[in-house]
Amino acid sequence: MSFFSDVHKVVMGIPSGSVMTYGQVARFLGNPRGARAVGYALRSRNAPDNLPWHRVVNSKGEISLRKTLQGDSSRTFQRVLLESEGVVFDSYDKIDLTLYGLTID
DNA sequence: CAGCTGACGCCAT
DNA sequence: TATGGCGCCAGCT
């Protein structure tokens with residue numbers, strides 16, 4: 001299957017209340033430098049509706065989206081979704097990956 | 001077929 | 001902590 005499908009599978013495998021970084025997913029797939037490709041996979045319409053893309057954040061634990069466009073509104077939306085799952089944001093709108101970040105067993 | 005873009009990551013300033 | 005620049009892979013036009 002394509003990287004695409006693999007990324008979707010991994011993301012959908014993220015348990016509620018936990019988050020994973022693009023780098024972790026990319027590394028899990030065998031492409032430590034393929035973080036960008038991971039983001040591309042989530043951005044694409046090809047992604048299933050039940051894809052919890054909001055559980056995927058960047059290495060800093062921040063919700064990363066396109067600079068412009070819905071940026072602001074979507075970013076807030078994601079934060080709400082994660083908070084609903086038990087994830088707590090700090091004063092910098094960042095998540096403590098040491099607590100919610102999954103490991104690549 | 002060739003080039004560009006993009007929900008990123010790390011390093012330097 | 002913030003900002004800027006370069007490099008990475010995969011998909012799209």
Side-chain angles (χ1 to χ4, degrees):
Chain A
M1 297 302 284
S2 306
F3 241 50
F4 222 83
S5 300
D6 206 8
V7 172
H8 294 163
K9 187 170 68 174
V10 174
V11 175
M12 288 196 283
I14 301 175
S16 179
S18 297
V19 298
M20 211 169 223
T21 70
Y22 296 92
Q24 284 290 79
V25 176
R27 199 167 119 176
F28 186 75
L29 299 178
N31 294 293
R33 310 290 151 172
R36 302 201 70 162
V38 175
Y40 203 87
L42 304 185
R43 181 227 62 159
S44 181
R45 291 286 192 171
N46 204 327
D49 296 328
N50 52 321
L51 181 68
W53 58 274
H54 56 268
R55 290 181 191 153
V56 185
V57 296
N58 62 24
S59 61
K60 301 181 189 96
E62 306 171 300
I63 296 171
S64 186
L65 339 152
R66 310 163 72 193
K67 301 163 185 275
T68 54
L69 206 56
Q70 308 122 41
D72 187 61
S73 55
S74 294
R75 185 170 60 187
T76 303
F77 182 59
Q78 274 117 243
R79 176 171 173 166
V80 174
L81 290 173
L82 289 171
E83 290 183 316
S84 296
E85 297 182 349
V87 177
V88 179
F89 284 73
D90 61 23
S91 303
Y92 299 94
D93 292 308
K94 298 198 304 190
I95 302 169
D96 188 337
L97 296 177
T98 60
L99 296 177
Y100 307 103
L102 293 171
T103 44
I104 302 176
D105 185 272

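The shown structure was predicted, so the numbers you read here are calculated from the model rather than taken from an experiment. In what follows, chains carry the letters A, B, and so on, assigned in the order in which the sequence lines appear, proteins first and then strands, with residues in each chain numbered from 1.
Atom CG in A/L82 sits about 13 Å away from atom C1' in B/dA7, given to the nearest Å. A/R27 has its CZ atom 13 Å from the C1' atom of B/dG9, to the nearest Å. Rounded to an integer number of Å, the gap from CG of A/L29 to P of B/dG9 is 13 Å.
Distance from the side chain of A/S59 is smallest for B/dG9 among the nucleotides B/dA7, B/dG6, B/dG9.
Nearest-nucleotide mapping onto DNA chain B: of A/K60 and A/V38, the residue sitting toward the 5' end is A/V38. Residue-to-nucleotide proximity on DNA chain C shows that, of A/Y40 and A/G34, the 5′-proximal contact is made by A/G34. Summary of the strand contacts: A/N46 and A/A35 both lie near DNA chain C, and taking for each the nucleotide with the nearest heavy atom, the more 5' one is attributed to A/A35.
Among the protein residues, A/F4 comes within range of the sugar-phosphate backbone only, with heavy atoms under 4.0 Å from sugar or phosphate atoms but none that close to a base.
In this model, a side-chain donor or acceptor of A/R36 finds a partner on the base of B/dG6 within 3.5 Å.
Atom CG of A/N58 sits about 9.0 Å away from atom CD1 of A/I95, to the nearest 0.5 Å. Distance check: A/D6 CG to A/M1 CE gives 9.0 Å after rounding to the nearest 0.5 Å. To the nearest 0.5 Å, atoms CG (A/L82) and CZ (A/F77) are separated by 10.0 Å.
Each of A/Q78, A/R79, A/E85 was compared with A/H54 under the side chain to side chain donor-acceptor pair (under 3.5 Å) criterion, and only A/E85 meets it.
In the hydrophobic clustering of ILVMFWY residues, with side-chain heavy atoms under 4.5 Å counting as a link, A/L29 and A/M20 come out together.
Two residues are said to be in side-chain contact when any heavy atoms from C-beta on lie closer than 4.5 Å; A/E62 and A/Y92 fail this criterion.
Contacts between chain A and DNA chain C, taken as any atom within less than 4.0 angstrom of a protein heavy atom, begin and end at C/dT1 to C/dC12.
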